2 protein chains.
Amino acid sequence: MNTGDAHMDESVPARLRNRPTRLLSMASTRCDRLVNDGLARADARKWHYAVLVTLAEIGPMSQAELSRRTGIYHSDVVAVINELAGRGLVERAPDPADRRRNVITITGPGTDHLHRLDDLLSTIEDEALAPLNREERAQLVELLTRILTHQVRG
Amino acid sequence: MNTGDAHMDESVPARLRNRPTRLLSMASTRCDRLVNDGLARADARKWHYAVLVTLAEIGPMSQAELSRRTGIYHSDVVAVINELAGRGLVERAPDPADRRRNVITITGPGTDHLHRLDDLLSTIEDEALAPLNREERAQLVELLTRILTHQVRG
DNA sequence: ATGTTTCGTTAGTGGGACGAACGTTAGTGT
DNA sequence: ACACTAACGTTCGTCCCACTAACGAAACAT
């Protein structure tokens, strides 16, 4: 499975090793894989989690709004909702007030599943960020958030 | 061009907004795009930079070693070297000592090009990480490095 | 000699982010 | 009342990336 490759040794040139964008890329790739593999064991993907948590926390909403809140590209929302609806975790119903919209609602089983995913994700992230303590994780979150807010408004 | 989407508003549920892996993913995606677009203006890709900087800093080496040091997947090295060699930025020659190997060497124009890419990349990263000062960038690098070293040995 | 490993290479897969276009429906201006 | 514009859901397709599978050639191990 694991190729045991180097990638991070001293064998990597310094100019390369310290490029923040490169580190960001590699860390993201590896964390994403951990998350994907982990969630796959619960037959889920990260977008499933994003949708379920959004619905649970904010309430029923249209697909377009889901796209905006979760960051899922609007073309891709359809498939995600299809998958979730196919498993009975959400319900898709036409909005009587605006017939362009579908109202997506989380179901009972959906809420249960969300709790499992929440636990699972916490475990996964705990392993992914193992070498970082509480404050350091908060620091990381803060730094990344600032980068992102800047780029969005940029 | 820019869709002006939200993605980072308060409209994002808290449980989602504070997930480090999610932030990592989004930051990486956006930074990668900045880097790719930026380097594209110099008709280059980030792997070009990785290869050139490695050759310049360490010296000629085989493609396999290049793969190990840069993190480029071994199947993909071929294409990268093709592109670089096609532009005369590196030279690919059979290794007389081991006829399985190719020895890749950076050329004069390759070194020039590397300098341009170095400057360009600094500019790009400066913009990508604009909201972070020196220490904070160092902090970010340190945190990410620790995550990565842990995962590689994990 | 034989089997194993390394190297370079080709072709192909799967996923994720994104773009283009379309029919449908809601608002908006006049 | 009517044309125009914008939003919504949807489908299809594109591009890039990390990765796999398989292969011939060469080196190495025993």
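Since this is a predicted model, take the numbers as computed values, not measurements. Chain A is the first sequence line, chain B the second, and so forth, proteins listed ahead of strands; every chain is numbered from 1.
For B:Arg100, the side-chain atoms get nearest to C:dT5 when compared with the rest of C:dG8, D:dA6, C:dT5. For B:Val78, the listed nucleotide lying nearest its side chain is C:dT10; candidates were C:dT24, C:dT10, C:dC7. Distance from the side chain of A:His74 is smallest for D:dT10 among the nucleotides C:dC18, D:dC19, D:dT10. Side-chain proximity of B:Thr29 to the nucleotides C:dT9, C:dA17, C:dA26 is greatest for C:dA17. You'll find that the side chain of B:Tyr73 is closest to D:dC19, out of C:dT9, D:dG9, D:dC19. Taking the side chain of A:Ser75 as heavy atoms from C-beta on, and the options D:dT11, D:dG9, D:dA27, the nearest nucleotide is D:dT11. Set against C:dC18, C:dC7, D:dT20, the side chain of B:Arg68 has C:dC7 as its closest nucleotide.
The nearest heavy atom of DNA chain D to B:Arg45 and to A:Arg92 marks one nucleotide each, and the one closer to the 5' end goes with A:Arg92. When each of A:Pro96 and B:Ser25 is assigned the nucleotide of DNA chain C bearing its nearest heavy atom, the one mapping closer to the 5' terminus is B:Ser25.
Rounded to an integer number of Å, the gap from B:His48 NE2 to D:dC16 C1' is 13 Å. Rounded to whole Å, the distance from CD1 on A:Ile104 to C1' on D:dT10 is 13 Å. Here the P atom of nucleotide C:dA17 and the CE atom of B:Met26 are 9 Å apart, to the nearest Å. A straight line from NZ of B:Lys46 to P of D:dC16 spans 13 Å, rounded to a whole angstrom. For the pair A:Asp37 CG and C:dG16 P, the interatomic distance rounds to 11 Å; values are reported in whole Å. For the pair B:Asp32 CG and C:dG15 P, the interatomic distance rounds to 20 Å; values are reported in whole Å. Between the CG atom of B:Asp95 and the C1' atom of C:dT6 there is a distance of 13 Å, given to the nearest Å. If you take CD of A:Glu65 and C1' of D:dC8, they are 12 Å apart, rounded to a whole angstrom.
Of the side-chain N and O atoms in B:Gln63, none sit less than 4.0 angstrom from OP1 or OP2 of C:dT6. OP1 or OP2 of D:dT10 lies within a sub-4.0 Å distance of a side-chain N or O belonging to A:Asn102. Distances shorter than 4.0 Å separate none of the side-chain N or O atoms of B:Trp47 from OP1 or OP2 on D:dC16. Dashed line: the shortest gap from a side-chain N or O of A:Arg33 to OP1 or OP2 of D:dC19 is under 4.0 Å.
Counting non-hydrogen atoms under 4.0 angstrom, B:Asp76 reaches a base of the nucleic acid.
In this structure, B:Glu136 contributes its side chain and B:Asn133 its backbone to a donor-acceptor pair below 3.5 Å. Proximity of a side-chain donor or acceptor of B:Arg68 to a complementary backbone N or O of A:Ser11 within less than 3.5 Å is not detected. Counting only distance, with no hydrogens or angles, the side chain of A:Arg101 and the backbone of A:Asp95 share no donor-acceptor pair below 3.5 Å. One N or O on the side chain of B:Thr107 and one on the backbone of B:Leu89 form a donor-acceptor pair closer than 3.5 Å. Using a distance-only test at 3.5 Å, with no hydrogens or angles considered, a donor-acceptor pair links the side chain of B:Asn36 to the main chain of B:Asp32.
A salt bridge between A:Arg137 and A:Glu125 is absent, with no side-chain N of the basic residue lying under 4.0 Å from a carboxylate O of the acidic one.
No hydrogens or angles were tested; on distance alone, nothing pairs the side chain of A:Arg99 with the base of C:dT25 as donor and acceptor under 3.5 Å.
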